[in-house]
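Written out below as structure tokens is the structure these notes cover.
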Amino acid sequence: MNFIPQDLILKHNHVRLEPLTLAHETGLRQAVCDGELWRLPYTTAPAPHEVADYIQEAINTRYPFAVIDETNEKVVGTSSFYEINPQVPRVEIGYTWYAQSAQRTHINTTCKFLLMNYAFETLACHVIGWRTDIINTRSQAAIERLGAKKDGILRGFQLRKDGTIRDTVMYSLLASEWLESKSHLLKKLQK
């Protein structure tokens, strides 16, 4: 993961992404309680008492960010780069969840814009990927609004938290598609 600096901070539109650390535990616990997100079968959000372990696992297995609403300096969620392949170069964006009060606001669009812009324009990625549970239609619609294309469905791909087997919908956006997607996202963020 050396190809992403350890102190990376991204900002736009009163949203700040900073490397997730144990210092974010209290804020992330409050965020996960806003809407009881851990109860959703398709989210990676931890139960409140599991937040510290979640953060440590995230730090050990991906490049996670705390998502901060700069209007009040609250931690409203998290998102990550993962499946990082510098040889292609390729990253996936995921493990994303937000406090219920931050959902359906500019925060997700801004967060994705920041991550996509950095991946394509700084890391010179060839492709960005996303994965989501087949039953999470809200997530699929949000990914499609970014301009990503559905690559297909991985049947029986992994277990959900409740032990059922999940089909995973795969999406991607190529570097050659980024300028059109970027223009669309910037127009959405100006509204």
Side-chain angles (χ1 to χ4, degrees), residues 1-35 37-38 40 43-46 48 50-86 89-125 127-132 136 139 142-143 145-146 148 171-173 178 181-182 185-186 188-189:
M1 289 198 223
N2 296 359
F3 119 113
I4 301 173
Q6 293 303 306
D7 58 352
L8 177 63
I9 295 175
L10 304 171
K11 296 181 184 187
H12 183 76
N13 203 23
H14 306 291
V15 175
R16 182 174 73 248
L17 304 182
E18 60 189 39
L20 183 65
T21 69
L22 288 171
H24 297 106
E25 180 183 355
T26 299
L28 212 55
R29 187 179 295 120
Q30 291 169 350
V32 80
C33 286
D34 180 354
L37 304 178
W38 71 92
L40 298 172
T43 183
T44 59
E50 298 171 330
V51 168
D53 291 340
Y54 177 90
I55 291 171
Q56 194 57 58
E57 180 183 346
I59 292 168
N60 293 340
T61 60
R62 52 190 186 268
Y63 194 100
F65 293 92
V67 180
I68 313 294
D69 180 345
E70 291 189 317
T71 63
N72 56 21
E73 288 300 311
K74 283 180 68 172
V75 177
V76 295
T78 183
S79 193
S80 297
F81 283 134
Y82 72 109
E83 294 294 330
I84 299 166
N85 183 344
R90 180 186 196 283
V91 298
E92 291 190 27
I93 297 172
Y95 295 91
T96 302
W97 54 266
Y98 304 105
Q100 188 172 31
S101 60
Q103 295 173 14
R104 298 190 175 275
T105 69
H106 73 286
I107 290 174
N108 185 50
T109 304
T110 303
C111 181
K112 293 305 185 293
F113 168 77
L114 286 166
L115 293 171
M116 293 164 68
N117 193 62
Y118 185 80
F120 283 127
E121 297 189 14
T122 302
L123 300 178
C125 283
V127 64
I128 297 173
W130 291 265
R131 303 177 193 190
T132 191
N136 192 349
S139 178
I143 294 167
R145 281 193 300 273
L146 298 172
Y171 288 89
S172 66
L173 186 75
W178 169 234
S181 179
K182 179 180 181 179
L185 290 172
L186 286 172
K188 282 185 72 167
L189 291 173

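We find the CG-NZ distance between Leu173 and Lys182 to be 12.5 Å, quoted to the nearest 0.5 Å. Note that the CG atom of Leu17 and the CG atom of Leu8 stand 8.0 Å from one another [nearest 0.5 Å]. Lys112 contributes atom NZ, which lies 11.5 Å from atom CD1 of Ile107 (distance to the nearest 0.5 angstrom). Atoms CZ and OG1, from Arg104 and Thr109 in turn, are 11.0 Å apart once rounded to the nearest 0.5 Å. The line from CG of Leu146 to OG of Ser181 is 6.0 Å long, rounded to the nearest 0.5 Å. Rounded to the nearest 0.5 angstrom, Glu18 CD and Lys11 NZ are separated by 9.0 Å.
Asp69 contributes a side-chain N or O that, together with a main-chain N or O of Thr71, makes up a donor-acceptor pair within less than 3.5 Å. For Thr78 (side chain) and Phe65 (main-chain N/O), a donor-acceptor pair under 3.5 Å exists by modelled atom type. Side-chain N or O atoms of His24 include none that pairs as donor or acceptor with a backbone N or O of Val75 at under 3.5 Å. The backbone N or O of Asn85 lies less than 3.5 Å from no partner atom in the side chain of Arg90, so there is not a single donor-acceptor pair. Glu25 places no side-chain N or O within 3.5 Å of a backbone atom of Val51 that could act as its donor or acceptor partner.
In this structure the side chain of Pro89 never reaches within 4.5 angstrom of the side chain of Leu123, judged on heavy atoms. Taking the side chain as every heavy atom from C-beta outward, Trp97 and Ser139 never approach each other to under 4.5 Å. Put simply, the side chain of Val91 does not reach to within 4.5 Å of the side chain of Tyr63, judged on heavy atoms. Taking the side chain as every heavy atom from C-beta outward, Asn108 and Arg145 never approach each other to under 4.5 Å. The side-chain heavy atoms of Ser79 and Leu115, taken from C-beta on, include a pair separated by under 4.5 Å. Under the 4.5 Å side-chain criterion, counting only non-hydrogen atoms from C-beta, Trp178 is in contact with Asn117. Looking at heavy atoms from C-beta onward, Ile143 lies in side-chain contact with Thr132 at the 4.5 angstrom threshold.
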side-chain contact (heavy atoms from CB on, under 4.5 Å) evaluation trace for Ile55 with Leu28: CA-CA 9 Å; Ile55 291 171; Leu28 212 55; 3.9 Å; yes
Intermediate values then yes/no, side-chain contact (heavy atoms from CB on, under 4.5 Å), Gln103 and Leu37: CA-CA 11 Å; Gln103 295 173 14; Leu37 304 178; 3.6 Å; yes
side-chain contact (heavy atoms from CB on, under 4.5 Å) between Gln30 and Thr26, intermediate numbers included: CA-CA 6 Å; Gln30 291 169 350; Thr26 299; 3.9 Å; yes
Working for side-chain contact (heavy atoms from CB on, under 4.5 Å), residues Tyr54 and Thr44: CA-CA 9 Å; Tyr54 177 90; Thr44 59; 3.6 Å; yes
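Scanning both residues, Ile9 and Pro19, for their nearest heavy atoms gives CG1-CD, 4.2 Å. Contact record, Leu10 with Leu114: CD1-O, 3.8 Å, taken as the closest heavy-atom pair. Shortest non-hydrogen contact noted between Pro5 and Tyr118 is CD-OH, 3.2 Å. Here the closest non-hydrogen pair linking Trp130 and Ala148 is CZ3-CB, 3.6 Å. Closest heavy-atom contact between Leu189 and His106: CD2-O, 4.1 Å. Nearest heavy atoms, Met116 versus Ile93: CG-CD1, 4.0 Å.
Between Tyr95 and Tyr82, the angle of the ring planes goes over 60°, which puts this pair in the perpendicular group of the 30/60° scheme. Relative ring orientation between His12 and Phe113 is described as tilted, the plane-to-plane angle lying within the 30° to 60° band.
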